[in-house]
Amino acid sequence: MGKEIGITVKKSEDFSEWYTQTVIKSELADYAPVKGLIVLRPDGYSIWESLKSSLDTKFAATGHRNGFLPSLIPESLLAKEKDHFAGFNPEVFWVTKSGDSELGDRLALRPTSETLAYTLFSKWIRSWRDLPLKINFWNTALRAEIKATKPFLRTSEFLWQEGHTVHMNMEEAEKEVTDILSLYKKTVEEELAIPVITGKKSEKEKFVGAVYTLTMESLMPDGKALQMGTSHFLGQNFSKPFDVKYADKENVESYAWQTSWGVSWRLIGGMIMVHGDDKGLVLPPRVAPIQVIIIPIYYSDEDKEKIQKISQEIEEKLRESKIRVQVDNREQLTPGFKFNDWEMKGIPLRIEIGPKDLEKNKVTFARRHNRQKDDQEIVGLVDRVISELDKIHEDMFADAKKILDDKTVEVNNYDDFKTELEKGRLIKAPICDNPKCEEEIKEETSADVRVITENSSDTSSKCIKCSNQSVIRPLFARGY
RNA sequence: GGGAGCGUGGUCUAGCUUGGUAUGAUUCUGCGUUUGGGACGCAGAGAUCGCGUGUUCGAAUCACGCCGCUCCCA
């Protein structure tokens with residue numbers, strides 16, 4: 001008995017079902033009453049807040065400020081940049097009525113805010129003294145997902161941040177795009193312990209309306225790549241239709257150079273997939289809503305009093321050192337149940353305190369990520385908890401990095417390409433500069449160019465599709 | 001775009017073929033005993049059987065329509 005309480009499938013056997021159960025049962029999120037929408041519960045939101053605060057600190061340090069935009073965009077605005085509109089139109093939710101009366105201009109529930117923000121930018125920017133303009137918005141975007149929805153990965157409304165900047169020249173804008181990508185990479189690696197590969201998107205996969213898109217990608221355990229964040233160099237593609245102009249020092253008007261970039265709660269989905277196991281969630285310590293859970297164990301009233309007292313003392317000390325800690329004092333549950341419960345919820349470090357430990361002036365550490373247990377002296381405990389949490393983070397990152405490295409392979413022909421793809425690999429393969437080849441590969445294998453890394457030019461191989469001389473060696477995979 | 005499955009207390013589920021307002025477990029509440037890897041006893045709570053229409057004396061069950069959810073493949 002009891003086995004049905006936790007996750008009922010193995011991660012390696014039914015990944016999709018495992019993912020859904022883990023999200024719901026660990027109480028990160030739940031389904032909303034509308035298809036394709038989810039509700040973030042406090043544990044899920046807490047992770048998002050950690051990411052938000054980490055990003056906000058970095059944004060502020062690089063001169064960005066936060067603002068807020070409305071969620072409705074008139075159709076006339078959204079349609080101003082043609083490619084952009086064509087790209088987003090199929091998944092736009094339209095508001096056509098207020099009460100019973102039809103609206104004149106349909107209103108879009110923002111799928112992204114470029115058009116709205118840039119209308120404002122053209123009002124705000126007059127001279128070179130107004131630049132650079134660096135603004136970020138924490139909000140949600142709505143993109144209708146009719147089929148194949150999945151919590152955090154593919155939902156019709158998602159939490160994200162979208163940054164928008166305006167610069168005097170191309171160099172500065174391009175530097176911004178690169179800086180943001182490395183800021184993203186740092187955040188994902190240092191907060192979520194997820195290794196990523198950075199580079200450029202292909203022409204085919206770039207953001208509609210951008211000159212080029214930088215991306216960071218990671219590989220999930222089911223062999224699909226997940227785009228974890230993007231940073232777009234927009235050039236003057238938007239400043240022209242939206243009239244974002246400034247007067248330079250010689251009072252000559254020119255169009256500004258722009259960027260936009262974003263990460264979403266998809267990062268949480270990636271974190272669940274990369275680190276989770278058959279027992280459920282495994283949380284990276286730095287974003288865990290609870291980092292340390294203390295389980296008091298006792299048999300007699302006498303023990304109970306003693307152990308609750310020491311548990312509380314340890315809790316207070318840890319809390320003084322800014323560790324997110326909680327004592328599980330639920331009396332109706334046995335320690336065994338609590339162990340399983342907190343493991344399903346992914347709490348990185350569990351401290352068990354019972355009579356046997358106290359006799360030795362010790363407590364027991366149980367680590368979630370590798371399930372190792374050992375004794376620890378109570379003296380100096382706080383310092384050891386702090387270093388243990390750091391070590392857990394490093395371990396988790398190293399494990400994930402090893403898997404990513406092991407699963408990244410190079411091939412030189414189409415047959416090997418297909419074989420490796422079936423094994424769920426991230427594949428480095430040479431292709432020519434004919435966009436048709438990329439397209440046909442996608443049609444035939446459903447794998448696409450995920451990222452073109454730096455130094456990936458390769459003119460000495462043959463395109464895996466047409467056998468003509470290759471140009472680059474990008475990374476391919478099936479994507480989410 | 002194509003296909004499959006499902007909808008019954010909070011959760012999982014029996015019943016549906018062969019119509020008679022619902023089975024069991026878990027959860028929840030109270031009391032007591034318990035507590036080192038998913039404890040137990042007793043008492044109690046909790047369901048317009050996804051929605052609508054029809055057939056019928058009577059519908060979870062039959063018919064038709066609708067809605068929703070999940071999964072798989074392109």
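Here is the naming used below: chain letters follow the sequence lines, and residue numbers restart at 1 for every chain.
A:S446 comes within 4.0 angstrom of nothing in the nucleic acid, heavy atoms only. Among the heavy atoms of the strands lying under 4.0 Å from A:T364 is at least one base atom, whether or not backbone atoms are also near. Using a 4.0 Å heavy-atom criterion, one finds that A:R371 contacts the bases of the nucleic acid, with or without backbone contacts as well.
If you take CZ of A:R41 and P of B:G10, they are 15 Å apart, rounded to a whole angstrom. Counting to the nearest Å, the P atom of B:U11 and the CG atom of A:D341 are 18 Å from each other. Following rounding to the nearest Å, A:F15 (CZ) and B:U70 (P) show an atom-to-atom distance of 17 Å. Rounding to whole angstrom units, CH2 of residue A:W18 and P of B:U70 are separated by 18 Å. Atom P of nucleotide B:G1 and atom CD of A:E443 are separated by 17 Å, given to the nearest angstrom. With rounding to whole Å, A:D30 atom CG is found 14 Å from B:U70 atom C1'. The distance from atom CD of A:E444 to atom P of B:C73 is 19 Å, rounded to the nearest whole Å. Straight-line distance from the NZ atom of A:K25 to the P atom of B:G10: 18 Å, rounded to whole Å.
For the pair A:K150 and B:C71, the criterion of a side-chain N or O lying under 4.0 Å from OP1 or OP2 is met. Checking the phosphate oxygens (OP1, OP2) of B:C72, a side-chain nitrogen or oxygen of A:S16 falls inside 4.0 Å. OP1 and OP2 of B:U35 both lie 4.0 Å or more from every side-chain N or O belonging to A:T334. Considering only side-chain N and O atoms, A:Y298 lies nowhere under 4.0 angstrom from the phosphate OP1 or OP2 of B:U34.
A cation-pi arrangement is present between A:K52 and A:W138, with the terminal nitrogen or guanidinium carbon under 6.0 Å from the aromatic centre and inside a 45° cone about the axis. Figure legend: A:R266 and A:F158 shown without cation-pi pairing, the cationic atom not lying both under 6.0 angstrom from the six-membered ring centre and within 45 degrees of its axis. Both tests do not hold together for A:K206 against A:Y212: distance to the six-membered ring centre under 6.0 Å, angle to the ring axis within 45°.
A heavy atom lying under 4.0 Å from RNA chain B marks the following residues of residues 346-357 of chain A, by number: A:R350, A:E352, A:G354, A:P355, A:K356, A:D357.
Within the 4.5 Å cutoff, the side chain of A:T140 has no heavy atoms near those of the A:S71 side chain. Contact annotation: the side chain of A:V263 never approaches that of A:W160 to less than 4.5 Å [non-hydrogen atoms, C-beta and beyond]. Using a 4.5 Å heavy-atom cutoff, the side chains of A:D43 and A:K345 are in contact.
B:U55 and B:G10 are spaced 35 Å apart, taking the C1' atom of each and rounding to whole Å. Atom C1' of B:G52 sits at a distance of 47 Å from the matching atom of B:G41, rounded to the whole Å. Rounded to whole Å, the P atom of B:G50 lies 14 Å from the corresponding atom of B:C6. With both ends at atom C1', the span from B:G7 to B:A14 equals 15 Å, rounded to whole Å. With P as the reference atom, B:C49 and B:C62 are 15 Å apart, rounded to whole Å. B:U21 sits 30 Å from B:G30 when the C1' atoms are compared, rounded to a whole Å. Spacing between B:U61 and B:U48 at atom P, rounded to whole Å, works out to 15 Å. Atom name C1', nucleotides B:U34 and B:G15: the rounded distance is 37 Å, in whole Å.
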Test side-chain contact (heavy atoms from CB on, under 4.5 Å) on A:F397 and A:I194 and set out the steps. CA-CA 6 Å; A:F397 182 77; A:I194 300 175; over 6 Å; no

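Side-chain contact check for A:D14 and A:Y19: no donor-acceptor pair (N or O, by modelled atom type) lies under 3.5 Å. Checked by atom type, the side-chain pair A:S260/A:E162 shows no donor-acceptor distance below 3.5 Å.
Other residues, nucleotides and ligands contribute more than 12 heavy atoms inside 6.0 Å of the NZ atom of A:K428.
Side-chain to base pairing of A:K373 with B:G37: one donor and one acceptor N or O lie within less than 3.5 Å of each other.
For B:U55, there is no paired nucleotide, since no Watson-Crick or G-U wobble pair has both relevant distances below 3.5 Å. Base pairing annotation: B:G38 forms no Watson-Crick or G-U wobble pair, as no partner gives both donor-acceptor distances under 3.5 Å. When both distances must be under 3.5 Å, the Watson-Crick or G-U wobble mate of B:G44 is B:C28. The partner of B:G68 is B:C6, by the rule that a Watson-Crick or G-U pair needs both atom distances under 3.5 Å.
Between A:E331 and A:D14, it is A:E331 whose nearest contact on RNA chain B lies nearer the 5' terminus. Residue order along RNA chain B, read from the 5' end via each residue's closest nucleotide, puts A:L333 first among A:E17 and A:L333.
Applying the 90° criterion around 0 to the glycosidic angle, B:U23 comes out anti.
Nearest to the side chain of A:Y31, among B:G37, B:U70, B:G38, sits B:U70.
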